[in-house]
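Below is one structure, written out as structure tokens; comments come after it.
The residues of the chain are indexed from 1 along the displayed sequence.
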Amino acid sequence: MSNFKNKNKYIKRRVFALLLILFLLMVFGKLLRGNRVNDYKTIFPTLTTFEKDIDTTIYNLFEEKAYYANGDGVVVFHASEGQKVPSGYEVASLNLMGDVSSLKDDLAKVNAAIKIKKGIEPLEKENSKTFTKNLQEQIKNKNFAGVYYDINSSDNGISENINTAELKEYLELSDAALNYKKEELEKEISKYNFSYKSEFSGIVSYKIDGNEEYFNISDLDKFTYKYLNRNYSFKNLEMETRVRNGEPLFKIINNLNWKVACTISNASNIANYNIGDSVKIQIPEIEDIYGVVEKINKDENHAVIIVSLDRYFENMYSNRVHDGKIIVNKTKGFEIPKSTLIERNDLTGVYVQEIKGLVKFVPVDIVSESNDTVFINRGNKQSVFSIGEKSYKTLTVNDAIVINPKTVDESRILN
């Protein structure tokens, strides 16, 4: 009987010791697991701006006029690239290098004869009246020798070396005949010299691409997607002093009235745009450009938005075509790693670490995603967003997101 009691006590002690060990192991395990959960790798959401955009090719449309050489010769330019000039400004002059010395000599003699017959006198000369009277008397009496002496020896503004015989011939002509002769000579000389003047106020440019007539602003209806996507050959002509007949010299661009045509490959992307709407355009290395929709040309499933602009001309005019984007929408939200996402209760969300190694599931609304990150809706001021008729509390900028949700034990999830 005594041995049985002792054996029974021994078994109870063994069971008690075993239970104690199991309890300690459980406590120790929980502590280990708690420490492991507390060691989750986390990351805070990054507040950023998401811009929904449309890729586009942008074409400059100008009121512009190109000027071309009227023959082979040497051109002199009187304005620099980008210079603003008024209407009627002589931008260039072209000399065809023809020998017009004899024509100029004849013109000088005709001008001298006209001056003599008019009795032109110097403005400040004490004996000017006497000189004029004597000159007129000598012409009347056909004393041409005296005329030549008086002209060449006087300071009356007629300094040409005059041949007596030739001038005598001109002086015998009537005033009308002399003026006609002068006009004919000037007309003949002008054939060898051309003056190029601006037809309207604008910017001078020597960067001519050879397609000025195709992109003229006069007809906006022609700028369809098909029209703009033809295979244009854009030249890069440089300013030269020696030119051949028909070569471009320069062009004038009205910098106060200009537009851009933006091609849209999918017309549905601009379904909400109307004439008069403000539009934002982005071009690399240029500030954001704001304009007003003036016209929308659609053909098949494509479209072209024509936008009126009043700024950034100097940044854009030298190149006909630019690659850019039309910014459709701009939204602030959070960017988080794609690895943090998990599906739970038919919702996409993340685990946010709470105190004592616990986590909470927080739903998120994905707006856009890339290879490694997602952009999510940050909700309203209370960080609430809606899906259908249901509303959900989402992330805040202070939430620590578990980077790898697979490391979270189900028992540590609060909801």
Side-chain angles (χ1 to χ4, degrees), residues 48-66 79-85 201-212 214-217 220 223-225 227-239 250-267 269-270 272-297 302-332 335 368 370 375:
T48 186
T49 300
F50 170 75
E51 292 185 339
K52 183 181 178 182
D53 51 49
I54 304 171
D55 291 331
T56 182
T57 302
I58 302 164
Y59 297 83
N60 286 329
L61 310 179
F62 298 125
E63 178 189 350
E64 56 188 331
K65 167 74 175 179
S80 58
E81 173 68 36
Q83 180 178 333
K84 176 83 172 183
V85 297
S201 175
I203 297 296
V204 175
S205 178
Y206 301 101
K207 298 178 180 179
I208 301 174
D209 57 40
N211 292 281
E212 281 71 21
Y214 295 104
F215 293 96
N216 193 282
I217 206 170
L220 298 181
F223 297 112
T224 62
Y225 189 88
Y227 182 92
L228 292 173
N229 278 274
R230 68 173 64 177
N231 187 23
Y232 290 101
S233 175
F234 291 100
K235 302 174 184 177
N236 186 18
L237 303 177
E238 297 294 333
M239 182 173 59
F250 65 94
K251 64 181 177 181
I252 300 292
I253 308 173
N254 184 346
N255 63 313
L256 301 180
N257 179 25
W258 66 290
K259 312 177 194 302
V260 292
C262 307
T263 59
I264 310 296
S265 59
N266 187 348
N269 289 333
I270 59 165
N272 295 328
Y273 275 96
N274 297 295
I275 294 174
D277 288 350
S278 177
V279 62
K280 176 182 175 183
I281 300 172
Q282 283 185 342
I283 298 175
E285 300 180 0
I286 299 179
E287 296 181 53
D288 291 347
I289 298 171
Y290 294 89
V292 176
V293 177
E294 182 166 329
K295 192 171 182 58
I296 301 176
N297 295 333
H302 308 304
V304 172
I305 293 182
I306 297 177
V307 181
S308 295
L309 302 175
D310 59 5
R311 289 183 295 171
Y312 308 109
F313 175 88
E314 64 280 3
N315 301 101
M316 296 180 63
Y317 83 91
S318 58
N319 293 321
R320 177 72 65 180
V321 185
H322 303 267
D323 291 325
K325 298 177 182 294
I326 294 178
I327 306 303
V328 179
N329 194 15
K330 190 173 182 179
T331 309
K332 284 189 176 182
E335 188 176 62
S368 176
S370 60
F375 180 85

Tell me if the NZ atom of Lys332 is crowded by more than 12 foreign heavy atoms within 6.0 Å.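 It does not: Lys332 NZ has 12 such atoms or fewer within range.
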
How about CD on Glu314, more than 12 heavy atoms from neighbouring residues, nucleotides or ligands closer than 6.0 Å, or not?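 Above 12, so yes.
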
Separation of [Y] [atom2] from [X] [atom1] (nearest 0.5 Å):
| X | Y | atom1 | atom2 | result |
| --- | --- | --- | --- | --- |
| Lys52 | Phe375 | NZ | CZ | 13.0 Å |
| Ile281 | Asp288 | CD1 | CG | 10.0 Å |
| Ile326 | Ile305 | CD1 | CD1 | 4.5 Å |
| Asn255 | Ser201 | CG | OG | 7.0 Å |
| Glu64 | Asn254 | CD | CG | 10.5 Å |
| Asn274 | Ile296 | CG | CD1 | 6.0 Å |

Exam field: side chain [X] to backbone [Y], donor-acceptor pair closer than 3.5 Å:
| X | Y | value |
| --- | --- | --- |
| His322 | Met316 | yes |
| Asn297 | Leu220 | yes |
| Thr56 | Lys325 | no |
| Asn211 | Ser233 | yes |
| Gln83 | Glu81 | no |
| Asp209 | Asn319 | no |

Closest approach of [X] and [Y], non-hydrogen atoms and distance?
| X | Y | result |
| --- | --- | --- |
| Ile306 | Leu61 | CG2-CD1, 4.3 Å |
| Tyr206 | Ser80 | CE1-C, 4.0 Å |
| Tyr273 | Ile327 | OH-O, 3.5 Å |
| Ile252 | Gly202 | CG2-CA, 4.0 Å |
| Asn272 | Asp277 | O-OD2, 3.7 Å |
| Leu309 | Tyr290 | CD2-O, 3.8 Å |

Side chain to side chain contact (heavy atoms under 4.5 Å, CB included) for Trp258 and Ile253? Distances and angles first, verdict last. CA-CA 9 Å; Trp258 66 290; Ile253 308 173; 6.0 Å; no

Below 30° counts as parallel, above 60° as perpendicular, anything between as tilted: where do the rings of His302 and Tyr225 land?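 If you compare the ring of His302 with that of Tyr225, the planes turn out parallel.
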
Give me the ring orientation class for Phe215 and Tyr59: parallel if the planes are under 30° apart, tilted from 30 to 60°, perpendicular past 60°.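 Parallel: the ring planes of Phe215 and Tyr59 meet at under 30°.
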
Take Phe223 and Lys295, measure what side chain to side chain contact (heavy atoms under 4.5 Å, CB included) needs, and give me the verdict at the end. CA-CA 10 Å; Phe223 297 112; Lys295 192 171 182 58; over 6 Å; no

I'd like to check [X] versus [Y] (side-chain heavy atoms, cut-off strictly below 4.5 Å). Are they in contact?
| X | Y | value |
| --- | --- | --- |
| Arg230 | Tyr214 | yes |
| Asn257 | Lys259 | yes |
| Lys207 | Arg320 | no |

With sequence neighbours excluded, what pairs up with Lys65 under the side chain to side chain donor-acceptor pair (under 3.5 Å) test?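 Once residues adjacent in sequence are excluded, Lys65 has no partner under the side chain to side chain donor-acceptor pair (under 3.5 Å) criterion.
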
Where do Thr57 and Leu228 land on the side chain to side chain contact (heavy atoms under 4.5 Å, CB included) test, with the steps shown first? CA-CA 9 Å; Thr57 302; Leu228 292 173; over 6 Å; no

Quick one, Phe313 with Leu256, criterion side chain to side chain contact (heavy atoms under 4.5 Å, CB included). Give me CA distance, side-chain angles, the key distance, then yes/no. CA-CA 9 Å; Phe313 175 88; Leu256 301 180; over 6 Å; no

